[in-house]
Amino acid sequence: MHVPRALRSIVAVASVGAALTASPAWSATPAAGTVPKQALHTGAGATRSPDSGPAVHHDTSPPLRELWQRSRMFRSTPHAVPRGKASRPPLAKAGGRDRIRLGVNFDGIREGGGTPPDPNASVGSRQVVEITNFELAVYSKSGATQLGPLTTQTLFKGFGGPCENASTEALGDPEVRWDSLARRWVINQFASDVATNTNRLCVAVSRTEDATGQYYRYAFGYRNLPDHPKFAVWPDAYYMNATAAGPLFESCAWDRKRMLRGADADQQCFNVPAATIPIGSDLDGTTPPPRGEPNLLINLGPTHDSLQYWQFHVDWKNHDRTTLAGPFRLRVAPYTPACASTDPTQCVPQAGTAQKLDSLSYSPMYRFAYRNFGDHESLVVNHAVDARGGVGVRWYELGLRNGRPVVRQQNTYAPDSTYRWMGSAAMNRNGDIALGYSQSSSRTRPSIRITGRLANDPPNRMTFRETTVWTGAGSQTGSNRWGDYTSMAIDPVDDCTFWYTNQYQPADGTGNWNTRLASFRLADCHAHGSRHGHG
């Protein structure tokens, strides 16, 4: 369903030559506590985009539950496994002393759009919202379906323009986030009218904590299709990064404060030269970053021993004071991008078919999760790399020193030679890190797995036993597109429970995918204080 991305082939070719001299990722972990040296500015800076300006259109919707009833675009309800009756999948043989405590574990949206499904979900005070191409569903935290699945365009019924009327071929890449400071839902998706070259990002912000209620709806306009958009929650703005024309990405800030009350809202945008799309720091928890701290954009570096970052500071009173500084380079342990010596887009093997899957090793993986612990700040992010004859998930915990990122710990999770990719990571209030991902090999079909570590565990290691959330019964045939992303979210009620969303194949085929949502804990939540061990 996606507009084809020339970016994929460009990055894949560029990655091969540089990767051949990189060290194996699994052998390149620095000693705990070391801080990699940062280089200075590494390339051409950002230029202001003419896309800056007010939203093209905005309004307030009727309750989503009413729009759904009026649309009559109903689909069958996915099967839910009630709490306490969820299956307990067998543990993988990979090491670790602790078992992950699974909670609910249920099927979500299935066959709800094209391939790939772009599955992601977020968790609110009482509900879980899942979104794919091109459908949305609302669940209780026990896994019962409260609304949907419904087409994502149902949310924009009566809004007009591409957000309501775009064909499914010109609609997609959706994301849903819970704004933990405002206790609201935020949903984003691109839409385009190809005939008139009308390009929009369609954004909906709920009026209350109820995902089935009313939304403030916005359409922001762009000269070029904002493909593969990634947005992040930050106190001073909602930040978005997407592709633009040529070797550029577009980075925009939306006026969060005005959008939370349904008022007219501007966007401020920059065009930035980069090989692939960065992702912005995305707030978890209820402690905001220090006042005035810029949103941090992260990307893979120009060489395979670095990450690249920018600092986006927005000023809504004086737009001339808005800045996007960078790129800057952050040194990390050397790595080789997944399948760089062959083809990252035809990389991951599956049992029973010659069809291989895209590793997306040329991009950082959603989310770039941020948390303020009071005495320090931490962020986690991951990407796919070669490891031990297969593919592993390179993960990082970054800190901030005088506003600049430093590496606190890093490693590649690859306990054996199978293929692990399509990761998503987050931290709970204790500083524990959870990592979810897809797994496949020539002998196994794609499955959903998770691992993690406690805050005070030995650094640079995922210490929990790898746990299989769900094993697919089939392989994907006829398409290499898998993902393009998964999502790890935190339950805001206890700020400790993780929720992971990914896809699997119930049988061989293309487009017959299912999604799966599972909650879990790495340890009992502590009533007071943080156990995070990085002072």
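Ring orientation note: the planes of His228 and Tyr485 are nearly perpendicular, at an angle over 60° on the 30°/60° scale.
The side-chain hydrogen bond (donor to acceptor under 3.5 Å, both in side chains) check on Thr497 picks up Asp494, Arg521, with sequence neighbours excluded. Scored by the salt bridge (charged side-chain N to carboxylate O under 4.0 Å, His left out) test, Arg200 finds no partners at all (sequence neighbours excluded). Evaluation of the side-chain hydrogen bond (donor to acceptor under 3.5 Å, both in side chains) rule for Tyr238 yields Asp179 as partners, not counting sequence neighbours. Every side chain to side chain contact (heavy atoms under 4.5 Å, CB included) that Leu248 has, sequence neighbours left out, goes to Ala244, Asn271, Pro273. Here Gln311 pairs with nothing under the side-chain hydrogen bond (donor to acceptor under 3.5 Å, both in side chains) rule; sequence neighbours left out. The side chain to side chain contact (heavy atoms under 4.5 Å, CB included) check on Arg101 picks up Asp524, with sequence neighbours excluded. Remark: Phe368 engages no residue in a ring-ring contact (aromatic ring centres under 6.0 Å, His included) (not counting sequence neighbours). In this structure, Trp395 has no side-chain hydrogen bond (donor to acceptor under 3.5 Å, both in side chains) partners at least two apart in sequence or on a different chain. With sequence neighbours excluded, no residue satisfies ring-ring contact (aromatic ring centres under 6.0 Å, His included) with Tyr419. For Pro506, the side chain to side chain contact (heavy atoms under 4.5 Å, CB included) partners two or more places apart in sequence, or in a different chain, are Tyr504, Asn514. For Phe220, the ring-ring contact (aromatic ring centres under 6.0 Å, His included) partners at least two apart in sequence or on another chain are Trp254. Residues forming a side chain to side chain contact (heavy atoms under 4.5 Å, CB included) with Ser424 (at least two apart in sequence, or on another chain): Thr486, Met488, Tyr500.
Asp107 places a side-chain heavy atom less than 4.5 Å from the side chain of Arg516.
Both tests pass for Arg404 against the ring of Phe328: distance under 6.0 Å to the centre and angle within 45° of the axis.
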